[in-house]
Amino acid sequence: MGMKHRTIFTTTLFSYKQGSSFIHRIPAAAKLLLLFPAGFAAFYLSIPVCIAAIFFMMMISFSVKFSLYEQLRVMIPAILYAPVLYIALVVGTFVETGFEFTWKVLLPDSNTVLILLRMIFILLTTNLLFGTTTMLELRASISQIETIIRTVLSKIPYIGKSISTEPSFALLLSLFLSFFPLVFKEWQRLERSWKARGGKTSIKKFIILLPALISVSMYHATTTAKSVANRS
């Protein structure tokens, strides 16, 4: 039991989760073509539809063996963003009412709730993509999709001759996507170091760790850029 708990706790957000579920077996290209549009469609969902979509995504995540704890951890960015959004709403409403205090000022409006629900849906969708697809599969599928698009465009009269069929955008996009799990992995590493030194969860924690996270992320970005430059 202790070993299981430790494994769950150290699982990086948006990292690949080994499995043989039907979602794992779906080709990466098909998942990209289905899940990315689903994320964009979230911006047009109403509150009831968004709640239903979140429930649907959670059920799929359960089928892929993502526990409730892991899914709640995925929602952390939305949970952290909620107080900021609420404070901005209260201050904005307070200013609009001419600094007259009423209880309505403290009530969140439907737009605020909708923003958070859409964010949770997008986070769950993103986690499902990264959790069931390796970076190698993502890179290969992106390259495959770009090659097909370039091949079609190259056959168009007049402009086709100037279009190469070799994928060039796929590498940049796959590197961009790989930074999502990398950033969360580094954040969890910094958090563990903070807790090992007796640090507590407070504003001071974010003031100290966020600059360190940015520094480490920039280092990885620079290293990756140099590696790509050396290979080209």
Side-chain angles (χ1 to χ4, degrees), residues 7-8 10-43 53-54 56-67 70-71 73-78 118-154 163-189 213 216-232:
T7 302
I8 292 175
T10 56
T11 301
T12 305
L13 294 177
F14 302 114
S15 62
Y16 177 70
K17 188 180 185 70
Q18 289 187 340
S20 58
S21 67
F22 74 100
I23 299 293
H24 282 85
R25 293 194 295 268
I26 296 176
K31 281 186 276 191
L32 280 171
L33 295 175
L34 289 173
L35 293 179
F36 271 140
F40 285 114
F43 292 100
I54 290 172
F56 177 71
M57 277 296 173
M58 291 186 70
M59 292 301 101
I60 294 180
S61 298
F62 279 127
S63 70
V64 184
K65 306 302 182 183
F66 279 109
S67 66
E70 289 174 307
Q71 294 185 54
R73 286 181 64 220
V74 171
M75 302 178 193
I76 287 177
R118 288 171 175 174
M119 190 174 180
I120 290 173
F121 174 73
I122 292 172
L123 288 169
L124 289 172
T125 303
T126 305
N127 184 63
L128 195 61
L129 173 64
F130 285 113
T132 60
T133 315
T134 64
M135 291 310 304
L136 185 62
E137 290 173 335
L138 279 175
R139 185 176 301 177
S141 63
I142 294 171
S143 179
Q144 180 183 7
I145 293 172
E146 184 184 0
T147 300
I148 293 174
I149 294 174
R150 285 178 173 273
T151 301
V152 173
L153 293 177
S154 66
I163 297 176
S164 172
T165 55
E166 291 296 324
S168 58
F169 179 70
L171 177 60
L172 295 176
L173 183 56
S174 60
L175 287 175
F176 172 75
L177 292 175
S178 68
F179 263 78
F180 282 97
L182 176 62
V183 169
F184 283 101
K185 180 180 179 180
E186 290 299 334
W187 174 255
Q188 285 184 273
R189 184 179 66 82
L213 177 65
V216 172
S217 299
M218 291 297 293
Y219 171 77
H220 282 295
T222 303
T223 304
T224 304
K226 289 180 179 179
S227 299
V228 173
N230 291 332
R231 293 178 183 178
S232 59

Trainee: Between atom CE of Met75 and atom CG of Asn127, what is the distance when rounded to the nearest 0.5 Å?
Mentor: 9.5 Å
Trainee: For the atom pair CZ (Arg25) and CD1 (Ile23), what is the distance rounded to the nearest 0.5 Å?
Mentor: 9.5 Å
Trainee: With respect to Gln71, which candidate in Leu123, Leu124, Ile54, Ile120 satisfies the side-chain contact (heavy atoms from CB on, under 4.5 Å) definition?
Mentor: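 The passing option is Leu124.
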Trainee: Minimum heavy-atom separation for Ala53 and Phe121, please, with both atom names.
Mentor: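 Answer, listing the atom of Ala53 first, then Phe121: CB-CE1, 3.5 Å.
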Trainee: Just by distance, do the side chain of Ser143 and the backbone of Ala140 share a donor-acceptor pair under 3.5 Å?
Mentor: no
Trainee: What distance do Arg150 atom CZ and Ile145 atom CD1 have between them, rounded to the nearest 0.5 Å?
Mentor: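 These two atoms lie 13.5 Å from each other.
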Trainee: Tell me the closest heavy-atom pair linking Leu32 and Ser141, and the distance in Å.
Mentor: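 Closest approach of Leu32 to Ser141, heavy atoms only: CD1-OG, 3.3 Å.
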Trainee: Can you list everything that forms a side chain to side chain contact (heavy atoms under 4.5 Å, CB included) with Ile122? Sequence neighbours excluded, please.
Mentor: Ala42, Phe43, Thr126
Trainee: Below 4.5 Å, heavy atoms only, C-beta onward: do Pro77 and Met119 meet side chain to side chain?
Mentor: yes
Trainee: With rounding to the nearest 0.5 Å, note down the distance linking OG in Ser21 to CD1 in Ile60.
Mentor: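 If I round to the nearest 0.5 Å, the distance is 10.0 Å.
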Trainee: How far does CD1 of Ile148 sit from CG of Leu153, to the nearest 0.5 angstrom?
Mentor: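 Here the rounded value is 12.0 Å.
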Trainee: Are the side chains of Phe66 and Val74 in touch, meaning some heavy atoms are under 4.5 Å apart?
Mentor: no
Trainee: Using side-chain contact (heavy atoms from CB on, under 4.5 Å), reason through Phe130 and Leu138 one step at a time and then give a plain yes or no.
Mentor: CA-CA 9 Å; Phe130 285 113; Leu138 279 175; 3.9 Å; yes
Trainee: Less than 4.5 Å apart, side chain to side chain, heavy atoms only: is that true for Thr134 and Arg139?
Mentor: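 With C-beta onward as the side chain, the pair stays apart.
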Trainee: Quick one: do Thr133 and Lys31 satisfy side-chain hydrogen bond (donor to acceptor under 3.5 Å, both in side chains)? Show the steps, please.
Mentor: CA-CA 9 Å; Thr133 315; Lys31 281 186 276 191; 2.8 Å; yes
Trainee: Considering only NZ, NE, NH1 and NH2 on the basic side and carboxylate oxygens on the acidic side, decide whether Lys17 and Glu70 come within less than 4.0 Å.
Mentor: yes
Trainee: Looking at Phe62, I want to see if its CZ is surrounded by more than 12 non-hydrogen atoms of other residues, nucleotides or ligands under 6.0 Å.
Mentor: yes
Trainee: Which heavy atom of Tyr16 sits nearest a heavy atom of Gly131, and at what distance?
Mentor: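 Looking at all heavy atoms of both residues, the shortest contact is CD1-O, 3.7 Å.
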